[in-house]
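What follows is a single structure, written as structure tokens, with notes after it.
Atoms within each ligand, like the ligands themselves, are counted from 1 in listed order.
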Amino acid sequence: AKLEGRGRWCFYSADMVNRSARQLQLEAALRRAEERDELALVYQPQICLHSGRLVGMEALIRWKHPELGMISPAEFIPLAESSGQILSIGAWVMRTAVHQMKQWIDEGLPSNVVAVNLSAVQFRDPGLPELVQKVLDDAGLPPSCLELELTESVAAHNPAEAGQMMDRLHALGVRLSIDDFGTGFSSLSHLKRFPIHTLKIDQSFVRDISTDPDDRAIVQAIIQMARALRLTTIAEGVETDEQAAFLQSHGCEAAQGYRFCKPLPPEEAQAWVQIHTRP
Ligand code: C2E
Ligand code: CA
Ligand code: CA
Ligand code: CA
């Protein structure tokens, strides 16, 4: 038993060393990724479930490391958050997405809303509203064309401060949405008080909507509550016709997911919209 225990210790210890070595390697590489043009945005169309029209495009970051290949944002965003680099990456994301939407509007895209994910670290930066204003001014994009996606966790540890930041952003005229809604135990009183436009129903509730009565009940409850609070709803991770039909029949406004379109580089996303959505 002792031997086995020791063997196991060696195994875990090597694994931990490897993991932190990869983290260190990625952190160092990420610092150069921006200037080396290794970062890119892909866009996922958001579709109105009633009209089939495009209601927005969510920007999602991609990193192609020269040797390691594609690194998931789920892996490198937390690293960028702990190193502080998320502030410059986040600013790059916002600038790029806002300029892209300005170009799309000029080319006649049938929706003018681009949604950008904000890290909690960005959200706590007092300079965020100035940055948003500057990015919009530089691109000549109206503020109503930008939606900022926040997770419930940003409000969790200091609701008063989070509320003030939301008020400042709302005052600029941008829209706020709550991402991964339902996973973070949002207090309903926050929802009522905060200037939020959209709830994004987390894909974990959508996944088994066709088979799991609990998930159906949760999704119905979220949609009804959103309506009562005059918020719109977008379902994430919609992969099947059945899921889309359930959501539509229960009053969910919009959806995004592989059922419609996966996240694509800008030209391909634009081409998809032209072929698949109503004008
Ligand atoms: P998220 O904001 O909740 O984004 C949804 C994720 O679900 C994306 O993964 C998207 O590619 C994926 N997805 C879309 N449709 C479907 C579907 O039908 N089925 C399934 N199974 N998945 C689908 P992705 O692009 O890997 O991003 C993962 C997370 O990384 C995002 O979750 C977001 O939290 C974060 N992230 C991505 N881009 C950015 C960014 O620019 N800034 C920040 N701060 N975070 C980002
Ligand atoms: Ca999101
Ligand atoms: Ca989400
Ligand atoms: Ca998520």
Side-chain angles (χ1 to χ4, degrees), residues 30 33-34 38-47 49 55-64 69-101 113-125 128 131-132 135 146-154 175-184 186 196-210 219 222 233-244 247 254-266 268-269 272:
L30 192 54
E34 229 184 297
E38 294 166 13
L39 301 178
L41 294 184
V42 288
Y43 295 86
Q44 187 171 43
Q46 303 173 322
I47 306 299
L49 283 166
V55 295
M57 291 277 213
E58 179 178 359
L60 294 156
I61 195 167
R62 294 292 177 262
W63 178 21
K64 192 166 181 211
M70 295 301 291
I71 316 283
S72 162
E75 180 171 18
F76 74 81
I77 293 290
L79 294 179
E81 286 175 331
S82 61
S83 73
Q85 214 201 323
I86 191 67
L87 292 180
S88 81
I89 292 178
W92 176 84
V93 168
M94 204 179 307
R95 259 197 323 273
T96 307
V98 160
H99 277 90
Q100 180 63 63
M101 184 45 74
V113 178
V114 70
V116 170
N117 292 282
L118 269 197
S119 146
V121 176
Q122 290 174 274
F123 186 75
R124 284 197 292 270
D125 171 15
L128 178 65
L131 172 72
V132 172
V135 166
L146 177 61
E147 181 161 302
L148 300 175
E149 297 195 359
L150 315 164
T151 55
E152 290 166 272
S153 63
V154 305
R175 279 195 205 167
L176 302 176
S177 64
I178 302 293
D179 204 355
D180 304 340
F181 186 76
T183 62
S186 274
I196 292 159
H197 185 272
T198 307
L199 295 186
K200 298 194 70 178
I201 304 172
D202 190 65
Q203 53 190 56
S204 63
F205 304 118
V206 173
R207 191 174 305 127
D208 299 323
I209 219 175
S210 309
V219 168
I222 293 175
T233 41
I234 298 187
E236 304 186 286
V238 177
E239 296 183 353
T240 68
D241 285 343
E242 225 179 333
Q243 291 165 342
L247 290 159
Q256 59 186 109
Y258 303 157
R259 156 67 182 80
F260 304 97
C261 183
K262 63 179 187 183
L264 292 172
E268 290 169 48
W272 185 91

Considering only distance and modelled atom types, tabulate donor-acceptor pairs under 3.5 Å from the side chains of residues 258-265, sequence neighbours left out.
| unit_1 | atom_1 | unit_2 | atom_2 | d |
| --- | --- | --- | --- | --- |
| Arg259 | NE | Asp241 | OD1 | 2.4 |
| Arg259 | NH2 | Asp241 | OD1 | 3.3 |

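Considering only heavy atoms from C-beta on, Tyr43 comes within 4.5 Å of Val114 through its side chain. Residues Ile61 and Leu41 form a side-chain contact, since some pair of their non-hydrogen atoms from C-beta on lies under 4.5 Å apart. Looking at heavy atoms from C-beta onward, Glu236 lies in side-chain contact with Asp180 at the 4.5 angstrom threshold. Taking 4.5 Å as the limit, some side-chain heavy atom of Leu30 sits within range of a side-chain heavy atom of Ile89. Contact check for Ile47 versus Val55: no side-chain heavy atoms found under the 4.5 Å cut-off.
Salt-bridge formation is detected for the pair Lys200/Glu58: a Lys NZ or Arg NE/NH1/NH2 atom is positioned less than 4.0 Å from an Asp or Glu carboxylate oxygen.
With hydrogens and angles ignored, the 3.5 Å screen pairs no side-chain donor or acceptor of Gln243 with any backbone N or O of Ser210. No donor-acceptor pair under 3.5 Å is formed between the side chain of Gln44 and the backbone N or O of Leu60.
Residue Ile61 has at least one nitrogen or oxygen atom sitting less than 3.5 Å from a nitrogen or oxygen atom of ligand 1, judged on distance alone. Below 3.5 Å of separation, one finds no N or O of Ser72 facing any N or O of ligand 1. Residue Glu239 has at least one nitrogen or oxygen atom sitting less than 3.5 Å from a nitrogen or oxygen atom of ligand 1, judged on distance alone. Any N or O atom pair closer than 3.5 Å counts here, and Arg259 shares no such pair with ligand 1.
By heavy-atom distance, the residue among Leu150, Asn117, Thr240 lying nearest atom 42 (N) of ligand 1 is Asn117. The heavy atom nearest to atom 16 (C) of ligand 1, out of those in Phe260, Phe123, Tyr258, is found in Tyr258.
Between Pro78 and Pro73, the shortest heavy-atom contact is CD-O, 3.6 Å. For the pair Asn117 and Gln122, the tightest heavy-atom approach, listed with the atom from each and the gap, is O-OE1, 4.0 Å.
Looking at Asp179 against ligand 1, only its side chain comes within 4.0 Å, counting heavy atoms. Only the side chain of Arg62 comes within contact range of ligand 1, with a heavy atom under 4.0 Å; no backbone atom does.
No hydrogens or angles considered: a donor-acceptor pair under 3.5 Å links the side chains of Gln46 and Gln256.
Listed by number with element, the atoms of ligand 1 under 4.0 angstrom from any heavy atom of Val93 are 41 (O). Of all the atoms in ligand 1, the ones that sit under 4.0 Å from a non-hydrogen atom of Gly257 are 15 (N), 18 (O). When each atom of ligand 1 is checked for a heavy atom of Asp180 under 4.0 Å away, the hits are 3 (O). Residue contact check: Glu58 has heavy atoms under 4.0 Å from atoms 2 (O) of ligand 1. Remark: ligand 1 atoms within the under-4.0 Å shell around heavy atoms of Pro263 are 11 (O). The Gln44 neighbourhood of ligand 1 comprises atoms 14 (C), 15 (N), with distances under 4.0 Å to a heavy atom of that residue. Atoms of ligand 1 lying under 4.0 Å from at least one heavy atom of Glu236, given by number and element, are 3 (O).
Applying the salt bridge (Lys or Arg N to Asp or Glu O under 4.0 Å) test to pairs two or more places apart or on separate chains, those with a residue in residues 70-83 are Arg22-Glu75.
Residue-and-atom listing of protein N/O/S atoms under 3.0 Å from the Ca ion (ligand 2), sorted by chain and number: Glu58 OE2, Asn117 OD1, Glu149 OE1, Asp179 OD2.
Residues passing the side-chain hydrogen bond (donor to acceptor under 3.5 Å, both in side chains) test with Ser204, sequence neighbours excluded: Asp202.
Not a single heavy atom of Gly90 sits less than 4.0 Å from an atom of ligand 1.
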